[in-house]
Amino acid sequence: MKKLMTGNEAVARGAYEAGVGFASAYPGTPSTEILENIGQHYSDKIICEWSANEKVALEAAIGASVMGARSLAAMKHVGVNVAADPMFTFSYTGVTGGMLLVSADDPGQHSSQNEQDNRYYAKSAKMLMLEPSDSQEAKDMVRTAVEISERFDSPVLFRMTTRVCHSKSVVKLGEVSENPYIPYEKNYPKYGLLFPEALEMHPRVEERLRLAEEFSNHTELNYIIDNHSRVGVVAAGVAFQYAREVFGDSASYLKIGFSYPLPMDKIWSFAQTVDTLYVIEELEPFMEEQMRAAGISCIGKELIPRIGELNPDILRKSIFGTDPETLDADLSLVTQRPATFCAGCPHRGFFYQLAKKKNVIISSDIGCYGLSGVAPYHAKDFAFCMGSGFASAHGASRVAQRYAPDKKIVGVLGDSTFFHSGMTGLVNAVYNKSDALYCILDNRITGMTGHQENPGSGKTLSGEGANISDIYEIVKAMGVKNIRMVNPTDLKAMNDTLDWGIALKELAVIITRWPCALKKKTQLDVEEFGDKKYKMHVSPNACIGCKACMRAGCPALIYDVSTKKVSIDASQCDGCNICAQICPKQAISREEIGNGK
């Protein structure tokens, strides 16, 4: 049977076919759909769950492996930074059941704050690494990877990239293995990790890498396509597909699938058959550096960019200097769509009011609220990574206490981010007597990555009911004395609450609580927030064209330069009522249009 699949769907299918018994993840583009597909299609065989963060996801998969199941943890590339602590240690101990860490890298930074190349994690952590180049390989290599993991007693870094994750190709489905379970036996020398056992681990890892390199030189995961050409190409992942499109049959290829340790003997042999050898890879010269260190002459980053995602046009231009043929177009007619909150987003009211405050410095975080830094709010001052919104706010507040007492520091993050790594930042702030204002924007779901459940949502990945972690009670238990919860779509209440928090000379927490405009309401949501649906309308006679409402930044609002009037796109409007509260002439009204969501 054949099926059209994205790479992420194929990884999920591969886990199913390979007999993976446990899978965990924290959602993050471009990796999110791996666990979503496992939960939707394969949860009868695979225990699967969203974790609070990537470190927890990996540690849970490690526990499952030690217990005897094949396991998988999936995350985006920056998530591996969070998971690095257990990853490095587990590489030393080795596995019981085969274990894969799926790193979905993001060349081009399509949805990320950097484009780090996680192949170096495999080298640094001394882990084996596989890199599929399309959906068929993504599926097949999962089975191979868990077998290699068990054969070499090593976790395997399974490196995907955005293009492989999201591109579709035809996949031939395979037989499904029974979930192999290895009965647990206590093995303290292997997993105890105390002196003197730990001293014996590193030498075993080096021997494992030596044996794995021998395997790399003989495995069919690394293969040659001989086109009897004096031009050779060494490539891995989607860069191999780009090279095939650019060079065609005019070059011979060494396709790398098992990319750490590299098959250096095979690369040496292949290099002897060609006069010119290109090494084509996205981002860093990972293979090129190792090949040059081994004395293999090659052409790489002196021609091929190390910034951004590659594609055939970029590769062709870099190597042959030829531009692609394109149709003529009047680019002056193309306008860039600004990044903005969705119509009805509950964060809009919060940032509309916060942006007007004077002497406020805002430490934001990674999520929808990161959009607060652009027009029309220009609110956010800085943001770095998941959870840093609170931890960085604390550091800034301590300096402000001494050197800039007229400045108020405001830390901002979301509900899922609070559970991910924001709680530690807040408890640190409480312990160290911060006087910043900490704001948790609870939109009742993990919003930016596509509405995955979290510990506060009341459901698990598989849709079962779950205990709800109450953010208010957690904050209170941390020792915070000043806590207020507010509906952010009520602008007066939001403004008054911000004034309260900013005026305090000690730590305070504001929790905004209103569901994401795109969220399908649960019964709990209906009970708390109601199920009525609304649309907003502008009275043309009352509108004076002052554009005050446009400062809300809602994409449903349209200003007509010819009539100098505002109208509302009913197909986008969510009826949040923010614009009506801003309008100085009461020209905007709200109409109930029914129930349900």
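The model shown is predicted, which means the values in this text are computed figures rather than measured ones.
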- [ ] Walk me through it: do Ile445 and Glu453 pass the test side-chain contact (heavy atoms from CB on, under 4.5 Å)?
- [x] CA-CA 6 Å; Ile445 202 69; Glu453 307 295 343; 3.7 Å; yes
Open item on the list: Assess the residue pair Thr489 and Asn487 against the criterion (side-chain hydrogen bond (donor to acceptor under 3.5 Å, both in side chains)); give the C-alpha distance rounded to whole Å, side-chain angles, the decisive distance to 0.1 Å, and a yes or no.
Closed with: CA-CA 6 Å; Thr489 67; Asn487 172 3; 2.7 Å; yes
- [ ] Assess whether side-chain hydrogen bond (donor to acceptor under 3.5 Å, both in side chains) is satisfied between Thr32 and Thr449, documenting all intermediate values.
- [x] CA-CA 7 Å; Thr32 305; Thr449 52; 4.9 Å; no
Open item on the list: Does Asp323 form a side-chain contact (heavy atoms from CB on, under 4.5 Å) with Lys317? I'd like the steps, not just the answer.
Closed with: CA-CA 6 Å; Asp323 290 309; Lys317 172 73 171 178; 3.1 Å; yes
Task: Residue pair Thr161, Asp106: steps toward the side-chain contact (heavy atoms from CB on, under 4.5 Å) verdict - done: CA-CA 6 Å; Thr161 59; Asp106 191 18; over 6 Å; no
Task: Residue pair Ile409, Leu437: steps toward the side-chain contact (heavy atoms from CB on, under 4.5 Å) verdict - done: CA-CA 6 Å; Ile409 310 300; Leu437 172 61; over 6 Å; no
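For the atom pair OG of Ser469 and CD1 of Ile471, the computed distance is 8.5 Å after rounding to the nearest 0.5 Å. Here the SG atom belonging to Cys554 is positioned 7.5 Å from the CD1 atom belonging to Ile568, to the nearest 0.5 angstrom. In this structure, the separation between CG on Leu413 and CE on Met423 is 11.0 Å, given to the nearest 0.5 Å. In this structure, OG in Ser364 is found 9.0 Å from CG in Leu371, a value given to the nearest 0.5 Å.
Using modelled atom types, no side-chain atom of Ser133 and backbone atom of Gln241 make a donor-acceptor pair closer than 3.5 Å. Of the possible polar contacts, one joining the Glu115 side chain to the Gly108 backbone as a donor-acceptor pair under 3.5 Å is found. A donor-acceptor contact shorter than 3.5 Å is absent between the side chain of Ser392 and the backbone of Gly389. With hydrogens and angles disregarded, no donor-acceptor distance shorter than 3.5 Å links the side chain of Gln109 to the backbone of Gly308. No side-chain donor-acceptor contact under 3.5 Å links Lys55 to the backbone of Val82. In terms of modelled atom types and a separation under 3.5 Å, the side chain of Lys408 and the main chain of Leu504 share a donor-acceptor contact. With hydrogens and angles disregarded, a donor-acceptor distance shorter than 3.5 Å links the side chain of Ser388 to the backbone of Cys385. For Glu527 (side chain) and Leu524 (main-chain N/O), no donor-acceptor pair under 3.5 Å exists by modelled atom type. Looking only at distances, no side-chain donor or acceptor of Lys564 sits under 3.5 Å from a matching main-chain atom of Gly545. Within the 3.5 Å criterion, the main-chain N or O of Asn37 finds no donor-acceptor partner in the side chain of Tyr42.
Across all non-hydrogen atoms, the minimal contact from Gln401 to Ser434 is NE2-C, 4.1 Å. Residues His537 and Glu591 come closest through the heavy atom pair NE2-OE1, 2.9 Å. Closest approach of Tyr352 and Ala552 over heavy atoms only: CD1-CA, 4.2 Å. Here the closest non-hydrogen pair linking Leu35 and Ser24 is CD2-O, 3.8 Å. Nearest approach of Lys76 to Ser31, heavy atoms of both residues: N-OG, 3.4 Å. Shown here for Ser363 and Ala393, the closest heavy-atom pair between the two residues is OG-N, 3.5 Å.
Counting heavy atoms from C-beta outward, Asp415 and Asn443 have side chains that approach closer than 4.5 Å. Under the 4.5 Å side-chain criterion, counting only non-hydrogen atoms from C-beta, Met494 is in contact with Ile510. Annotation: side chain of His166 is in contact with side chain of Glu33 (closest heavy-atom distance under 4.5 Å). The closest side-chain heavy-atom distance from Ser567 to Ile558 is below 4.5 Å. Within the 4.5 Å cutoff, no side-chain heavy atoms of Leu4 are placed close to those of Val171. Put simply, the side chain of Ser372 does not reach to within 4.5 Å of the side chain of His347, judged on heavy atoms. Between Thr417 and Met386, the closest side-chain pair of non-hydrogen atoms falls below 4.5 Å. Taking 4.5 Å as the limit, every side-chain heavy atom of Leu72 sits out of range of all side-chain heavy atoms of Phe158.
A salt bridge between Asp499 and Lys357 is present, with a side-chain N of the basic residue lying under 4.0 Å from a carboxylate O of the acidic one. A salt bridge is absent between Lys521 and Asp531: the closest approach of a Lys/Arg side-chain nitrogen to an acidic carboxylate oxygen does not fall below 4.0 angstrom. Between Asp442 and Arg513 a salt bridge is recorded (basic side-chain N to carboxylate O distance below 4.0 Å). Taking a cutoff of 4.0 Å between a charged side-chain nitrogen and a carboxylate oxygen, Lys533 and Glu592 do not qualify as a salt bridge. Salt bridge absent: Arg163 and Asp105 never bring a charged side-chain N and a carboxylate O closer than 4.0 Å. Using a 4.0 Å cut-off between charged nitrogen and carboxylate oxygen, Asp496 and Lys492 count as a salt-bridge pair.
At a cut-off of 3.5 Å, with distance as the only test, a side-chain donor of Glu54 or His420 sits close to an acceptor on the other residue. A side-chain N or O of Tyr121 and one of Asn81 form a donor-acceptor pair less than 3.5 Å apart. Neither side chain, Thr446 nor Tyr26, offers a donor N or O lying under 3.5 Å from an acceptor on the other. Side-chain contact annotation: Ser571 with Asp569, donor-acceptor N/O pair under 3.5 Å present. With 3.5 Å as the limit, one finds a donor-acceptor pair spanning the side chains of Thr522 and Asp525.
Within the structure, ring pair (Phe, Tyr, Trp, His ring centres under 6.0 Å) pairs that include any residue of residues 424-463 comprise Phe390-Tyr438 (at least two apart or interchain).
Around CD1 of Ile307, the count of heavy atoms belonging to other residues, nucleotides or ligands within 6.0 Å does not exceed 12. Within a 6.0 Å sphere centred on NZ of Lys481, heavy atoms belonging to other residues, nucleotides or ligands number 12 at most. Within a 6.0 Å sphere centred on CG of Leu327, heavy atoms belonging to other residues, nucleotides or ligands number 12 at most. Summarising the local packing, CG of Asp406 is surrounded by more than 12 heavy atoms from other residues, nucleotides or ligands at distances under 6.0 Å. Atom NZ of Lys459 sits in a sparse spot, with 12 or fewer heavy atoms from other residues, nucleotides or ligands closer than 6.0 Å. Residue Asp330 places its CG atom among more than 12 non-hydrogen atoms of other residues, nucleotides or ligands, all under 6.0 Å distant.
The aromatic rings of Phe351 and Tyr377 sit tilted, their planes meeting at an angle between 30° and 60°.
Considering Cys549, Ser539, Cys543 as possible partners of Ile588, the one that fulfils the side-chain contact (heavy atoms from CB on, under 4.5 Å) test is Cys549.
Scanning for side-chain hydrogen bond (donor to acceptor under 3.5 Å, both in side chains) contacts around Asn114 gives His77, Gln116, with sequence neighbours left out.
The side-chain tip of Arg348 does not point at the ring of Phe341 from less than 6.0 angstrom away and within 45° of straight on.
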